[in-house]
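Note that ligands are numbered from 1 as they come in the structure, with each ligand's atoms numbered from 1 the same way. Numbering starts at 1 and runs along the sequence shown.
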Amino acid sequence: MPISPEKKMDLLVSLCKRRGFIYPGSEIYGGFANSWDYGPYGAQLKKNIKDAWWNRFVIGRDDMVGIETPIIMHPKVWEASGHVATFSDPLVDCKKCKHRFRADHLMEVNQGMLGRCPLCTGELTDIKNFNLLFKTSIGVTEDTSHIAYLRPETAGGMFVAWKNVRDSARKRLPFGIAQVGKAFRNEITPGNFIFRTREFDQMEIEYFVRPEDSARAFEEWLIAMKAWVKNILKLQDANVVYHEIADVDRAFYSTRTIDVEYTYPFGTKELYGLANRSDYDLSRHAEASDMDLRYVDSANGEKILPHIIEPTWGLDRTVLAVLSEHLDIDEVDTAEGEGTEPRMVLRLPPLLAPVKVAILPLQKKEELVSIAKKISASCREKGLAVEYDESGSIGKRYRRQDEVGTPWCVTVDFDSVTDGACTVRSRDSMEQVRMDVGEIAGWVEEKIKMN
Ligand code: GAP
């Protein structure tokens, strides 16, 4: 059933809070703008996405290695990268209502003109550039000589570790370094739930290539990103835009950039990015550190400063896109068999679903509970996330699992005691099949592999 975009956002935010995916941050202190807590289901969904990404792009490939670098690095890293000097947003304030806006966002909706305040039509101030780097100080006193920054992207860690990875990982060009972790930006404009926050997780790859191979590697990464979006996240083609960034709008060092955009309930906005960063990063860090960062070809001794293709994925924006894409409402028969009623269901891909299977004894009777616990244990042994739930009507328990995206519910009833089988109900089709108790864990495992 189609849900209007305005309604969808409200439904999503309230479902996330009610069921324990995402809550407002610091809520008992009145909340804290742009900060969110991931609850039990949200944290597991996020972890499943992260694991799927790592398995696919690091463990699943011979030309990749994964690393982990610190959030607080030498401040020179961000001077060399250009972030200290130029990582800023152009901002304007309304002189009347005092609201603050991104000048580039206002100009986007006003055909290049700044205009007046969109909230109260008041006059706007001149544009000021506001640096997004989060500063902190190292040591016991807040001495300016000890200023450091929280990383604004995980990429910096990979450029800086390149020399050590090059020397230790025994990889030949082309190869890539991957990292997943927190990044911090002092964002001051409203966030649209978890779309824009001050701290967020990135999953990034820096892929090092010979300069002449960079255009081909870019195409290959574009295909890999498209396959991730379609086959793992299962986002419909109609909701995803691959936006080729025009020459005038690209960073000066980038020879090609594509923004992967998704149609969220609040509009079509950036989900991921793919950039050909040329040799910009390695040459800046080589110059600033006075180190030779070239790659030496072991076959002929040739020295090359690699070019870098950077596919980058925002993890929180992935969570939001996945939740938004798969939230659905359909009509189902009422439990009493009189007419129909709406059912809210998260049709999450099984690989990503926080709970893979719910085990529900029809009643809290010892003979049913013991079978249900046996099935739960066999699923857990296979590493499947199980939810055991024995209270409330079976209809209510199904609805709860539908709302958190559990692909299968297993009901243990009185026949199970005699025939050793139970009912497996599928979330999407609501079809029910009888299956032997001993087969369930393996069946669920196989289904998840097929995703
Ligand atoms: N290393 C390249 C880089 O950081 P970016 O486009 O600035 O590029 C990459 O960020 C991704 O990080 C974005 O595509 C988006 O998914 C995510 N991202 C950026 N800023 C964010 C924010 N304030 N909140 C949540 N996610 C953000």
Q. Below 4.0 angstrom, N of the basic side chain to O of the carboxylate: do Asp201 and Lys46 qualify?
A. yes
Q. Which atom names give the shortest non-hydrogen contact between Ala353 and Gly405, and what distance separates them?
A. CB-O, 3.5 Å
Q) Applying a 4.0 Å heavy-atom criterion (strictly less than), which segment of Asp316 is in contact with ligand 1: side chain, backbone, both, or neither? A) neither
Q: Compute the ring centroids of Tyr264 and Tyr262, then answer whether they are less than 6.0 Å apart.
A: yes
**Q.** atom 7 (O) of ligand 1 [closest protein heavy-atom partner, distance rounded to 0.1 Å]
**A.** Arg185 NH1, 2.8 Å
Q. So which heavy atom in the protein is nearest atom 1 (N) of ligand 1, and how far is it from that ligand atom?
A. Glu204 OE2, 2.5 Å
Q | Over 12 non-hydrogen atoms of neighbours within 6.0 angstrom of NZ in Lys135 | A | no
Q: State whether the shortest distance between N or O atoms of Arg196 and N or O atoms of ligand 1 falls below 3.5 angstrom.
A: no
Q) Got an N/O contact under 3.5 Å between Ile194 and ligand 1? A) no
Q.
Once you restrict to heavy atoms under 4.0 Å, what part of Phe200 touches ligand 1? Side chain, backbone, both or neither.
A. side chain
Q.
Out of all atoms in ligand 1, which are within 4.0 Å of some heavy atom of Glu153? Include the element for each.
A. 1 (N), 2 (C), 3 (C), 4 (O)
Q: Please write down residue, atom name and distance for the protein heavy atom closest to atom 25 (C) of ligand 1.
A: Phe195 O, 3.2 Å
Q | Location of contacts on Arg317 toward ligand 1, heavy atoms closer than 4.0 Å | A | side chain
Q.
Considering non-hydrogen atoms of the protein only, which is the closest contact for atom 10 (O) of ligand 1, and what is the distance?
A. Gln202 NE2, 3.3 Å
Q.
Give me the atom names and distance for the closest heavy-atom approach of Pro306 to Ile304.
A. CD-O, 3.2 Å
(Q) Tell me which one of Asn239, Thr318, Val240 satisfies side chain to side chain contact (heavy atoms under 4.5 Å, CB included) with Val229. (A) Val240
Q. What protein heavy atom sits nearest atom 14 (O) of ligand 1, and how far off is it?
A. Glu270 OE2, 2.5 Å
Q) Quick one: which ligand 1 atoms are inside 4.0 Å of a heavy atom on Ala155? A) 1 (N)
Q. Atoms of ligand 1 less than 4.0 Å from Tyr272 heavy atoms?
A. 14 (O)
**Q.** ligand 1 versus Arg198: contacting region, heavy-atom distance under 4.0 Å
**A.** neither
Q) Cut-off 3.5 Å, side chains only: do Glu204 and Thr154 have a donor facing an acceptor? A) yes
Q: Just go through Asp259, Thr318, Thr312 and tell me whose heavy atom is the nearest to atom 8 (O) of ligand 1.
A: Thr312
Q. Considering only the protein, which heavy-atom contact is closest to atom 24 (N) of ligand 1, and what is its distance?
A. Thr197 N, 3.1 Å
Q.
For atom 16 (O) of ligand 1, what is the closest protein heavy atom, and at what distance to 0.1 Å?
A. Leu271 O, 2.6 Å
Q. Do any N/O atoms on Gly314 end up under 3.5 angstrom from N/O atoms on ligand 1?
A. yes
Q | Trace of the side chain to side chain contact (heavy atoms under 4.5 Å, CB included) decision for Phe57 with Ile205 | A | CA-CA 9 Å; Phe57 294 119; Ile205 289 173; 3.9 Å; yes
Q) So among Val319, Ile448, Asp51, Leu233, which one has a side chain to side chain contact (heavy atoms under 4.5 Å, CB included) with Leu352? A) Leu233
Q. Do Arg185's NZ or CZ and the ring of Phe134 fall within the cation-pi criteria of under 6.0 Å and 45°?
A. no
Q | Close-contact set for ligand 1 against Glu310 heavy atoms, below 4.0 Å | A | 1 (N), 2 (C)
Q.
If you compare all heavy atoms of Leu106 against all heavy atoms of Pro118, which two are closest, and at what distance to 0.1 Å?
A. CD2-CG, 3.7 Å
Q | Pair Asp63, Tyr207: side-chain N/O donor-acceptor within cut-off below 3.5 Å | A | yes
